[in-house]
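Side chains are part of it too, since the values below use all heavy atoms of this structure and drop only hydrogens, waters and symmetry mates.
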Amino acid sequence: MSESTMKSQGSLARIGLALAIAASVSACATGTNPRDPLEGYNRAMFKFNDTVDQVALKPAATAYKTVTPSFVQTGVGNFFGNLSDVWSAVNNLLQGKGEAGLQDVVRVSMNSTFGILGLIDIASQAGIPKHNEDFGQTLGWYGVQPGPYLMLPLLGPSTVRDTVALPLDITGDPWRYKDPVSVRNIGTVTRVVDKRAALLDATNLMEAAALDRYEFIRDGFLQARESKVFDGDTSRRDRKVPKNDTSDYEPEYDATPQAAPAEEPPATAAAVVAPADLVTSGSNTVASEARPQE
């Protein structure tokens, strides 16, 4: 890829991110939820993202799921999941979680070789767990507060902390550097459509069940992100000093008792079907690395 193309893509990504932050900061703080002071802006952006999904992404995903053999869909998911393990390894090591980081390295090595470039998830079959870590979680691990909830255009649910971390998450995606650009673009579109196809049943259920889908998605996303930051151990949230950190630390939210991990799947499912996943793949955004998609 030429230097000019790389600079152009980087500039567009930065401009988009800057516009999202500027719009959020300038929006009126009309929300009554302390975690969502920009609710007026966020609801408008949620409606926009939902329209894009209903008009373009969901129909494409439905067609893809109908005509594509299930083993092909599995292979596509495994391939991009293997790429995401690279950035997960980096963030696990940054968080001082050496065992998890080494597991991610072993996963990439096994799946990239014996798994035919990641098309077959040999590592999971061998009992090596998969992790999903990004730089926003790394910042949270060291006590950086999430800040207000933020609905980004096309990219979906986020927080101020995760939005600040987003450029590094984009940079850490190996697919971003795939040449030629035409192959990268095709792969990016396939990646997003495949991920959306995997969520069709869940989102259909959510659309039928949720009275206020915005609140359902927001609350589920925030709870799921908190759980991911603390690896499911939400009791760490209430400690003054988090693991691997010596700075003063206040809980992200109030210290009311939380549901046991076994009771968390409903909220996690809410986050899974959030627009963020409808237009992203892992921590890497659709609009970040290729034109016109990702």
Side-chain angles (χ1 to χ4, degrees), residues 49-88 104 107-108 110-112 115-125 129-134 152 154-158 166 169-170 172-207 217 220-221 224 228 268-294:
N49 289 345
D50 188 57
T51 300
V52 172
D53 177 64
Q54 295 296 324
V55 171
L57 193 52
K58 186 175 181 179
T62 301
Y64 170 85
K65 187 173 183 179
T66 300
V67 303
T68 306
S70 59
F71 74 89
V72 174
Q73 297 179 45
T74 300
V76 171
N78 287 342
F79 175 80
F80 287 108
N82 183 51
L83 293 181
S84 71
D85 285 342
V86 176
W87 190 232
S88 286
D104 291 333
R107 284 185 58 86
V108 174
M110 289 183 63
N111 289 338
S112 298
I116 314 175
L117 300 179
L119 294 175
I120 304 174
D121 189 356
I122 298 293
S124 292
Q125 297 176 20
K130 181 177 178 63
H131 309 100
N132 292 290
E133 300 287 332
D134 55 54
L152 300 178
L154 295 181
L155 312 185
S158 185
L166 188 59
D169 286 330
I170 294 171
D173 177 20
W175 190 252
R176 175 179 174 81
Y177 307 99
K178 176 65 179 175
D179 283 325
V181 175
S182 58
V183 173
R184 184 197 318 153
N185 289 350
I186 293 171
T188 296
V189 173
T190 302
R191 180 188 205 174
V192 174
V193 172
D194 177 80
K195 193 172 186 69
R196 181 61 178 95
L199 299 170
L200 281 172
D201 292 339
T203 51
N204 289 339
L205 179 63
M206 181 199 68
E207 290 168 1
I217 290 172
F221 173 82
K228 288 180 179 179
T268 301
V272 166
V273 298
D277 272 344
L278 306 187
V279 291
T280 65
S281 182
S283 62
N284 308 297
T285 62
V286 175
S288 65
E289 64 180 57
R291 300 301 172 210
Q293 288 271 23
E294 185 150 14

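Classification of Arg196 and Asp53 as a salt-bridged pair holds, one side-chain N sitting under 4.0 Å from a carboxylate O.
In this structure, the side chains of Lys58 and Asn204 come closer than 4.5 Å at one or more pairs of heavy atoms. Asp179 is not listed as a side-chain neighbour of Val183, based on a closest heavy-atom distance of 4.5 Å or more. Put simply, the side chain of Arg184 reaches to within 4.5 Å of the side chain of Trp175, judged on heavy atoms. Proximity of Met206 to Ile217: side-chain heavy atoms (C-beta onward) are separated by under 4.5 Å at one or more points.
When the side chain to side chain contact (heavy atoms under 4.5 Å, CB included) test is applied to Thr74, the partners found at least two apart in sequence or on another chain are Asn78. Looking at residues two or more places apart in sequence or on another chain, you find no side chain to side chain donor-acceptor pair (under 3.5 Å) involving Asn132. With sequence neighbours left out, Gln125 forms a side chain to side chain donor-acceptor pair (under 3.5 Å) with no residue at all. Under the side chain to side chain contact (heavy atoms under 4.5 Å, CB included) criterion, Ile116 pairs with Leu119, Ile120, sequence neighbours left out. With sequence neighbours left out, Ser112 forms a side chain to side chain donor-acceptor pair (under 3.5 Å) with Asn82. Residues forming a salt bridge (Lys or Arg N to Asp or Glu O under 4.0 Å) with Asp85 (at least two apart in sequence, or on another chain): Arg107, Lys130.
How far CG of Asp173 is from OG1 of Thr188: 7.5 Å, rounded to the nearest 0.5 Å. Rounding to the nearest 0.5 Å gives a distance of 12.5 Å between CG of Asn185 and NZ of Lys178. Here the CG atom belonging to Leu205 is positioned 12.5 Å from the CG atom belonging to Leu199, to the nearest 0.5 angstrom. Note that the OG atom of Ser84 and the CD atom of Glu133 stand 11.0 Å from one another [nearest 0.5 Å].
Minimum heavy-atom separation, Asp169 to Trp87: OD1-NE1, 2.7 Å. Between Ala56 and Pro59, the closest heavy-atom pair is O-CD, 3.4 Å.
For residues 61-71, every residue pair satisfying the side-chain hydrogen bond (donor to acceptor under 3.5 Å, both in side chains) rule, not counting sequence neighbours, is listed here: Tyr64-Asp194.
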